[in-house]
Asker: 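Handing you a structure now.
Both counts, for ligands and for their atoms, begin at 1 and track the order of listing. Numbering starts at 1 and runs along the sequence shown.
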Amino acid sequence: MGTPALPGRVLLVGGGGREHALAQQIVKSPLCETLYCAPGNAGIAKLAQCVAIAAEDVDGLVEFAKAERIAFVVVGPEAPLVLGLVDALGAAGIPAFGPDRKASALEGSKGFMKDICAKYGVPTADYARFQDVAAAKAYLHAKGVPIVIKADGLAAGKGVTVAQSLEEAEAAIEAALIDARFGDAGQEIVIEEYLEGEEASFFALVDGEHILPLIAAQDHKAVGEGDKGPNTGGMGAYSPAEIVTDAVVDTVMADILEPTMRGMAAEGCPFQGVLFAGLMIGAGGVKLLEFNIRFGDPECQVLMARLDSDLLAALVATQEGRLDEITFRWRAQAALCVVLAAKGYPGAYEKGTEIRGLDAAEILPGVSVYHAGTRAMEGGRVVANGGRVLGVTALGDTIADAQRRAYGAVDRIDWPDGFCRRDIGWRAIGD
Ligand code: AMP
Ligand code: GLY
């Protein structure tokens, strides 16, 4: 029994808004005969057969892929990548999109990522790594504030403290190294220089040898309007990001992505997958804040809304080292995504509250309602099943037009237990 070939069955791993947006593109590809998604959500279930296997259940996913003769796997979130899902699938002869376990350390260990940047000359904040509290505090006092304290490992977006006072910085050091607030992920920390500027996210497919630059987007991390309140996974996004000019893209390619790809290969862990460069663009030029090894969520939603090419063909080419054969076309239109979250998020929130009006929102031209934390119930009812629940995404001639259309769709959704920011896109649109 040989490895099944494409066109064939494709398995998408994950169940958020990012995966719904990826699913919408993948099912359009002539290479996809049937799409499965593990675990998926109520929106993805309209495009794919959802299977109840958790995204982190590496053994369960490999068993499923073998049993169902899956020809290609697309991994959405970082956790299974860091756990070695792509390695395990590869060992079973199943090709997959995404970096292997070693290369996933670019996101899985902030210290590793900083060391790669330092060794290969990638511009980023000055830093030091610590496991010892006294040494960390001595460094803090030598540097002063503002300063940034980061748990080394994956901490579900909660491992970063931008400290404005020495007390706050000391508390963050103690929380990670003494109180083990982030478990093993915080047994080591990175302390780094505070960078000023405007943030943007840039994405590229990387096959180990070639880079296909995608486009940029801007996220809104804070939960509240005016960028106030605690950080979240992202409350909304838009693309294009005007701050990412052609000159910035050239700099990102030459100074960040190329040296990282070459450096990873030289270190014996070539990177294949999507590289998400979190950028800080300021007076000091373009600097790398962080790498992620996956598409951003909700950035992916606006990227996929603008993509006008065969996504799956490009993901397969990435895995096969043929990215030089791929060109992507993008719609000239802007896209904007508004996240609807359960009241209380990013703190405690309720699950199981009913959402109505989804069809009325989706029917609007140029609008996609991507599901994140949703669950389908009998009778076609949809209930909330997570913190970030929907990503209402619209295309428009300008970002202002896309914003108007997205909020028009949001206003058709009847979900008293949810909320959203009403100012997504404010930087691009102004008052
Ligand atoms: P990260 O998870 O590394 O992206 O950090 C989360 C957020 O913390 C970023 O989106 C930035 O807003 C902020 N941040 C991280 N590193 C720095 C830094 N060196 N200087 C200023 N802000 C930072
Ligand atoms: N939206 C930011 C992220 O996906 O990490």
Asker: Which atoms from ligand 1 have a heavy atom of Glu192 less than 4.0 Å away?
Answerer: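 Heavy-atom distances to Glu192 below 4.0 Å select 16 (N), 17 (C), 18 (C), 19 (N).
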Asker: Between Asp219 and Ser201, do the side chains contain a donor N or O and an acceptor N or O under 3.5 Å apart?
Answerer: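 There is no such pair (donor and acceptor under 3.5 Å, judged by atom type) between the side chains of Ser201 and Asp219.
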Asker: Could you identify the single nearest non-hydrogen protein atom to atom 17 (C) of ligand 1 and state the distance to 0.1 Å?
Answerer: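 Answer for atom 17 (C) of ligand 1: Leu289 CD2, 3.4 Å.
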Asker: Does the gap between the ring centers of Phe276 and Phe295 come in under 6.0 Å?
Answerer: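 No; Phe295 has its ring centre 6.0 Å or more from that of Phe276.
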Asker: Short list, please: which atoms of ligand 2 are under 4.0 Å from a heavy atom of Asp219?
Answerer: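 With Asp219 as reference, the close atoms of ligand 2 come out as 1 (N), 2 (C).
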Asker: Given that the side chain starts at C-beta and the backbone is N, CA, C, O, which of these parts of Phe295 lies under 4.0 Å from ligand 2, counting heavy atoms, or is it both or neither?
Answerer: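 Neither; no heavy atom under 4.0 Å.
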Asker: Among all the protein's non-hydrogen atoms, which is closest to atom 5 (O) of ligand 1, and how far away is it?
Answerer: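 It is Val160 CG2, 3.5 Å.
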Asker: Counting heavy atoms not belonging to Lys119, are there more than 12 under 6.0 Å from its NZ?
Answerer: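 Not buried by this count: 12 neighbours or fewer within 6.0 Å.
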Asker: Does any N or O of ligand 1 fall below 3.5 Å from an N or O anywhere on Val148, backbone included?
Answerer: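 There is no such contact.
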Asker: So that I can tick it off, tell me whether Glu174 and Lys137 are bridged by a salt bridge, with the cut-off set at under 4.0 angstrom between side-chain N and carboxylate O.
Answerer: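 Between Glu174 and Lys137 there is a salt bridge, with a charged N closer than 4.0 Å to a carboxylate O.
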Asker: Consider every N or O of Asn231 and every N or O of ligand 1, then say whether any pair is closer than 3.5 Å.
Answerer: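 Looking only at distances, the answer is no, because the N/O contact criterion of under 3.5 Å is not met.
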Asker: Tell me, which protein residue and heavy-atom name are nearest atom 20 (N) of ligand 1, and how many Å apart are they?
Answerer: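 Nearest protein contact, heavy atoms only, for atom 20 (N) of ligand 1 is Leu195 N, 2.8 Å.
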Asker: Are Asp227 and Arg421 within salt-bridge range, i.e. N to O under 4.0 Å?
Answerer: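 Result for this pair is yes, salt bridge flagged.
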Asker: Just need the protein heavy atom nearest to atom 14 (N) of ligand 1, so name the residue and atom and give the distance.
Answerer: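 I find the closest protein heavy atom is Val162 CG2, 4.1 Å.
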Asker: Just which atoms of ligand 1 are under 4.0 Å from any heavy atom in Lys221?
Answerer: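 Counting atoms of ligand 1 from 1, those under 4.0 Å from Lys221 are 10 (O).
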Asker: Check whether the ring centres of Tyr345 and Phe419 lie less than 6.0 Å apart, and answer yes or no.
Answerer: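 That pair fails the under 6.0 Å test.
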Asker: Regarding atom 1 (N) of ligand 2: of the candidates Arg18, Gln301, Glu299, Arg388, which has the closest heavy atom?
Answerer: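 The residue whose heavy atom sits nearest atom 1 (N) of ligand 2 is Glu299.
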Asker: Hey, which atoms in ligand 1 end up nearer than 4.0 Å to a heavy atom of Tyr194?
Answerer: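 Reading through ligand 1 atom by atom, the close ones are 20 (N), 21 (C).
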Asker: Give the residue and atom name of whichever protein heavy atom lies nearest to atom 10 (O) of ligand 1, and the separation in Å to one decimal.
Answerer: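 It is Glu199 OE1, 2.6 Å.
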Asker: Where is the nearest protein heavy atom to atom 5 (O) of ligand 2: which residue, which atom, and how far?
Answerer: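 It is Arg294 NH2, 2.9 Å.
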Asker: Distance under 4.0 Å to a non-hydrogen atom of Lys150: what atoms of ligand 1 satisfy this?
Answerer: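 Listed by number with element, the hits are 3 (O), 15 (C), 16 (N).
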Asker: Quick one: does Gly296 get a heavy atom under 4.0 Å from ligand 2?
Answerer: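 The answer is yes: ligand 2 sits under 4.0 Å from a heavy atom of Gly296.
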